[in-house]
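Step one of this worksheet: look at the structure below.
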Amino acid sequence: MKKSSDGRLRLVTWNINSVRLRLPQLKKLAAAHSPDVICLQETKAEERYFPGEAIADFGYPHQLVRGYKGYNGVAILSRLPLQPLEERHWCRKIDARHATANVLIGGSAIEVHNLYVPAGGDIPDPEENEKFAHKLNFLDEMIEWSRAQARKKTPTIVVGDLNVAPLPGDVWSHQQLIKVVSHTPEEVTRFENMMHARPWVDAVRHFVPESEKLYTWWSYRAQDWEASDRGRRLDHVLVSESLAPKLYSVQIMRETRSWPQPSDHVPVCVTLNL
DNA sequence: ATGGTTGCTTGGCAA
């Protein structure tokens with residue numbers, strides 16, 4: 001009997017910054033790497049305008065889409081069947097920052113959470129900047145949420161644009177970004193507490209030492225993003241402990257930042273041998 | 001030096 005592909009799961013997370021504008025890039029990514037599951041953030045499309053048929057046509061018929069007009073929006077696209085789960089209402093808002101489903105593979109299920117954490121504005125002070133306050137509250141809720149499912153047996157993967165670069169090696173200059181939203185001690189401490197709460201394993205740092213610089217985002221504002229290389233690692237793949245031994249490889253798809261009309265984030269790909 | 005670019009909701013936000 002022919003061996004099925006049940007043993008391998010390849011998952012990509014990508015802040016696509018408009019799914020309609022970058023549909024050709026999504027198709028190219030799917031063709032190049034053939035992931036089983038693609039988690040998107042910042043789709044920026046109402047659900048009725050989400051290009052679901054086109055995406056099904058290039059291989060992802062199972063879809064869970066959350067979206068609003070113009071901002072936020074997340075989606076889980078899959079070659080494998082999905083069993084939608086109820087997303088949490090973070091910070092008492094309904095804002096399309098969370099999509100969650102069981103991915104059914106080889107007779108078992110893996111719980112996938114796709115999250116888009118608020119960026120938090122420019123001023124790193126919750127008193128002066130309500131967007132930063134919202135971000136800190138969101139991260140506090142992620143700690144509680146992780147704690148609530150501590151040592152749960154369900155194999156779980158959390159991915160998304162978490163908008164925090166937790167390690168000095170996750171930013172181009174730890175010193176110069178210490179007071180910049182995404183790398184402040186307030187955010188980093190919360191991120192660490194969230195990681196310890198379930199606990200989660202950082203799938204990318206599982207393979208790449210902390211001393212090595214790693215980025216998934218480069219600002220549109222740089223004259224030459226590649227030459228200046230002032231990036232940050234904002235996009236993450238976290239796995240529950242039982243999945244850590246099954247991690248096979250990770251890849252940050254830096255090359256997509258050079259594609260025509262790129263997103264400012266690049267996809268992160270993780271492969272597990274189940 | 002407090003700029004710069006992009007994408008959406010066409011004009012002012014959000015990132």
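Proteins come first, then strands; the chains are lettered A, B, ... in the order of their sequence lines, and each starts at number 1.
Minimum interatomic distance between Ser182(A) and Glu187(A) (heavy atoms only, all atoms of both residues): N-OE1, 2.8 Å. Summarising the geometry of Ile16(A) relative to Thr43(A), their closest heavy-atom pair is CG2-CA, 4.3 Å, with the distance given to 0.1 Å.
In this structure, the CZ atom of Phe132(A) is 17 Å from the C1' atom of dA14(B), given to the nearest Å. dA14(B) atom P lies 11 Å from atom OH of Tyr116(A), rounded to whole Å. Atom pair Leu177(A):CG and dT2(B):C1' shows a separation of 15 Å (rounding to whole Å applied). In this structure, Gln176(A) atom CD and dA1(B) atom C1' are separated by 13 Å, rounded to whole Å. Rounded to whole Å, the distance from CG on Asp224(A) to P on dT5(B) is 14 Å. Between His265(A) atom NE2 and dT5(B) atom C1' the separation is 13 Å, expressed in whole Å. Here the P atom of nucleotide dA14(B) and the CG atom of Asp161(A) are 17 Å apart, to the nearest Å. Atom pair Leu162(A):CG and dA15(B):P shows a separation of 15 Å (rounding to whole Å applied).
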- Query: Once each nucleotide of nucleotides 8-13 of chain B is scored for protein heavy atoms under 4.0 Å, what B/S/- sequence comes out, 5' to 3'?
  - Reply: SB----
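Between dT9(B) and dA15(B), the two C1' atoms lie 15 Å apart (nearest whole Å). Straight-line distance between the C1' atoms of dG4(B) and dA14(B): roughly 16 Å, to the nearest whole Å. To the nearest whole angstrom, the two C1' atoms, one in dT6(B) and one in dT10(B), are 15 Å apart.
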- Message: Could you walk me through whether Trp90(A) and His134(A) satisfy the ring-ring contact (aromatic ring centres under 6.0 Å, His included) test, starting with their C-alpha distance in whole Å, then the side-chain angles of each, then the deciding distance to 0.1 Å, before giving a yes or no?
- Response: CA-CA 10 Å; Trp90(A) 301 86; His134(A) 178 208; over 10 Å; no
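No option in Gln41(A), His265(A), Lys44(A) other than Lys44(A) meets the side-chain hydrogen bond (donor to acceptor under 3.5 Å, both in side chains) test with Asn17(A).
A salt bridge links Arg88(A) with Glu141(A): the closest approach of a Lys/Arg side-chain nitrogen to an acidic carboxylate oxygen falls below 4.0 angstrom. Under the 4.0 Å criterion applied to side-chain N and carboxylate O atoms, Asp264(A) and Arg257(A) are not assigned as salt-bridge partners.
Checking side-chain atoms of Glu87(A) against main-chain N and O of Ala96(A) turns up no donor-acceptor pair under 3.5 Å.
Summarising the local packing, CD of Glu144(A) is surrounded by more than 12 heavy atoms from other residues, nucleotides or ligands at distances under 6.0 Å.
Annotation: the span from Ser146(A) atom OG to Trp200(A) atom CH2 amounts to 5.5 Å, rounded to 0.5 Å.
Within residues 213-223 of chain A, the residues that have a heavy atom under 4.0 Å from DNA chain B are, in order of number, Tyr220(A), Arg221(A).
In this structure, Arg230(A) reaches neither bases nor backbone, as no heavy-atom distance under 4.0 Å exists between it and the strands shown. Across all strands shown, Tyr49(A) has no heavy atoms under 4.0 Å from either base or sugar-phosphate atoms.
Judged by closest nucleotide on DNA chain B, Pro262(A) is the one of Pro262(A) and Asn72(A) placed further toward the 5' end.
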